[in-house]
There are 2 protein chains.
Amino acid sequence: MPLTLKDIAKIAGVAESTVSRAINNKPGVGAQTREKIMEIVREHNYQPNQLAQGLAKRETHLLALIVADLTGPGYSEIIKSMEKTANQAGYQLIICNTDNNLAKEKTYLNLVGQHRVDGAIILGGTLANNNIMKLALNQDELLVLVNCLAEEVLIPTVLVDNARGGYLATVHLLEQGLEKIALVMGPANDFLESEKLNGYQQALADYNIPFREQLIIKTNLSREGGYNAFFRVMKIDELPDGFFVTNDLLAIGLTEAIKMGGYLIPGDFAVVGYGDSIISAVINPALTVVAEPLQQLGRLAAEYIIKLINDQAIEEVIRVLEPELIIRESSSP
Amino acid sequence: MPLTLKDIAKIAGVAESTVSRAINNKPGVGAQTREKIMEIVREHNYQPNQLAQGLAKRETHLLALIVADLTGPGYSEIIKSMEKTANQAGYQLIICNTDNNLAKEKTYLNLVGQHRVDGAIILGGTLANNNIMKLALNQDELLVLVNCLAEEVLIPTVLVDNARGGYLATVHLLEQGLEKIALVMGPANDFLESEKLNGYQQALADYNIPFREQLIIKTNLSREGGYNAFFRVMKIDELPDGFFVTNDLLAIGLTEAIKMGGYLIPGDFAVVGYGDSIISAVINPALTVVAEPLQQLGRLAAEYIIKLINDQAIEEVIRVLEPELIIRESSSP
DNA sequence: AAAATCTTCGCAAGCGCTTGCAAACTTGTT
DNA sequence: AACAAGTTTGCAAGCGCTTGCGAAGATTTT
């Protein structure tokens with residue numbers, strides 16, 4: 001059984017309140033009394049019971065990390081840096097994997113409302129927007145969004161400029177002299193995906209290349225999706241000379257299909273992927289990709305939520321991070 | 001401000017204790033009283049404050065997931081299934097990434113001792129053994145180990161039979177008629193690695209192939225490690241005809257080196273990897289691997305710790321799961 | 001040296017819940 | 001009709017901590 005405040009007070013020969021004030025660096029304790037108490041605390045390795053502390057102060061120092069699928073691309077990296085930042089500020093992360101299950105989602109979002117956690121971070125994906133909204137409308141629910149965006153309601157968010165990413169990728173291909181660039185993407189109702197499309201279009205416009213609807217292949221974000229996309233594209237009248245693929249799995253499938261078709265990358269088709277997972281680096285040929293600042297994403301999210309909890313101002317409610325182009329073999333001239 | 005027990009009691013016109021008993025399905029509440037209370041609870045969507053509940057019952061329904069590096073291979077998969085299982089039993093996982101930092105490790109392990117969490121799961125890696133021991137010696141610290149093993153002290157553990165994995169991989173290569181099988185592995189002081197070596201040796205013995213120390217390449221578990229391993233092996237007098245690689249990253253590096261050297265897989269060298277990450281499937285050629293039952297690992301770990309918490313017996317203190325061989329191109333005849 | 005001010009400290013209530021115990025109420029038995 | 005036995009409910013203490021407020025002590029002021 002761990003020591004309690006009472007025990008420390010008894011040992012030190014002072015009242016519990018004095019010990020409490022000493023430990024929490026609050027005024028109202030004499031210098032030598034404080035030192036004596038701290039000495040005893042150190043000696044006995046006393047650590048206050050967070051439950052009791054939380055109950056009294058109405059805070060848990062817990063953060064809910066709500067994510068549809070923990071195994072998402074780059075998520076471990078993001079989460080790792082999130083945990084680190086949170087931890088340094090004295091917070092712990094609790095995992096809430098929703099599996100895209102509406103009920104679980106709701107339960108988890110409730111954690112905040114029920115004062116079980118001090119705040120929540122929603123990471124990526126298709127978390128039901130109305131759930132979020134309902135939560136957000138309860139004024140004091142603290143919430144930060146990472147790599148996703150809420151509609152109709154303003155919630156502190158940190159995300160990557162996917163339009164910029166799409167732009168970078170497309171421009172890179174255009175700069176290689178390619179003009180018929182196919183875009184293989186996921187469902188366009190996903191904000192992240194549609195932004196990439198925007199960037200793609202912007203790039204074409206800047207280079208005076210006409211946009212051709214045919215070259216946009218929407219499929220599901222999977223390996224098969226990528227695989228099939230290639231054969232779908234091969235059916236159109238004028239073949240593309242380059243591919244911009246918005247997702248890792250898609251890229252894998254696509255490159256497999258290309259090779260299967262007996263074509264060479266980058267000889268016949270240049271390919272640019274999205275997301276600097278290890279996969280894109282080991283695939284053959286190594287993929288040129290738009291890389292997202294994963295660590296920064298995680299760190300900022302943690303910083304944001306902690307600031308919110310402490311009633312500190314946030315610089316930018318929607319913080320947009322710049323992606324970066326990593327050039328490898330799959331797009332060399 | 002959420003409703004409290006008191007509020008519900010007032011609405012129902014009964015004492016708090018009655019409400020508490022009704023909610024917790026305890027005896028001593030009349031049927032219609034109970035129903036009436038539950039009705040009100042539902043209607044107001046009341047959820048007890050876990051902090052207060054925890055304080056009174058001395059339990060938090062929190063589990064610490066202690067892991068050296070969250071981004072480890074297959075960990076997201078394990079964690080996902082762990083979270084699911086824990087959650088179904090009413091527990092939440094809190095992330096504790098130690099970064100192999102001894103101080104953090106200690107702090108996190110303390111969470112258990114300080115009654116901040118009801119139990120802890122240590123996942124993989126090189127968590128300092130003496131830390132664990134010290135913790136384990138405190139009788140009532142609840143701890144489960146996943147994919148690692150404690151020395152000198154018996155702690156409930158669930159892990160994969162790596163010796164079996166090594167055996168399967170090696171036998172598979174032997175069955176292809178290969179006789180000079182190199183083993184590329186991580187540091188042998190890692191129990192997981194040394195077990196694979198044991199399996200390898202056992203397989204050789206069963207097939208009457210002499211063990212040759214030269215063919216064992218110990219390196220660090222990284223891509224470069226794998227890359228360099230190949231060139232180290234090429235210096236020995238008699239070249240191998242097959243490789244058993246104990247790790248994903250290692251396998252990537254090794255295959256790169258092999259291709260770089262102008263050799264073919266599986267033509268010149270057959271390769272078998274370990275751990276069925278997506279990487280092994282997308283690499284060229286697709287890797288034959290020993291796959292670990294990741295989901296089961298996570299689920300069992302959660303089940304174990306929850307059983308411990310509830311003072312239930314555990315079938316086997318050390319639960320060993322069977323790996324499985326997935327045959328792909330890299331080892332075809 | 002007494003009064004006024006500041007500092008240091010302890011008392012006690014409260015955070016929201018659980019639980020042992022006794023009071024009140026049922027029901028069954030003779 | 002009276003009592004035993006069982007059931008249902010409420011009282012109150014306690015989990016370990018924080019914090020407002022007043023008491024005591026130390027320090028300064030006139």
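Residue numbering restarts at 1 for every chain, and letters A, B, ... go by the order of the sequence lines.
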- Kindly say if Tyr46(B) contacts the phosphate of dG16(C), meaning a side-chain N or O under 4.0 Å from OP1 or OP2. no
- Task: Check whether the side chains of Asn101(B) and Thr98(B) place a donor and an acceptor atom closer than 3.5 Å, and report yes or no.
- Result: no
- Item | Closest to side chain of Thr18(A), choosing from dG10(C), dC15(C), dC17(D) | dG10(C)
- OP1 or OP2 of dT8(C) less than 4.0 angstrom from a side-chain nitrogen or oxygen of Thr33(A), does that happen here? no
- Query: Closer than 4.0 Å, any side-chain N/O of Gln53(A) to the OP1 or OP2 of dT18(D)?
  - Reply: yes
- Query: For Asn49(A) and dC15(D), is the shortest distance between a side-chain N/O and OP1 or OP2 below 4.0 Å?
  - Reply: no
- Kindly determine whether Asn147(A) and Tyr75(A) satisfy side-chain hydrogen bond (donor to acceptor under 3.5 Å, both in side chains), including the steps that lead there. CA-CA 10 Å; Asn147(A) 248 1; Tyr75(A) 283 5; 5.9 Å; no
- Message: So, under a plain 3.5 Å distance rule, would you say the side chain of Arg21(B) forms a donor-acceptor pair with the base of dG10(D)?
- Response: yes
- Atom-to-atom span, NZ of Lys10(B) to P of dC11(D) - whole angstrom: 14 Å
- For dG16(D), does OP1 or OP2 lie under 4.0 Å from any side-chain N or O of Arg58(B)? yes
- Query: Any donor-acceptor pair under 3.5 Å joining the side chain of Thr4(A) to the base of dC17(D)?
  - Reply: no
- So among Leu65(B), Leu62(B), Val117(B), which one has a side chain to side chain contact (heavy atoms under 4.5 Å, CB included) with Leu93(B)? Leu65(B)
- Message: Quick check: do Leu145(A) and Leu159(A) have side-chain heavy atoms less than 4.5 Å from each other?
- Response: no
- Query: Under 4.0 Å between a side-chain N/O of Ser20(A) and OP1 or OP2 of dT18(D), yes or no?
  - Reply: yes
- Could you check whether Gly28(B) gets within reach of a base, just the sugar-phosphate, or nothing at all, counting any heavy atom under 4.0 Å? base
- Could you check Pro2(A) against Val29(B) and say which one's nearest nucleotide on DNA chain D is further toward the 5' end? Val29(B)
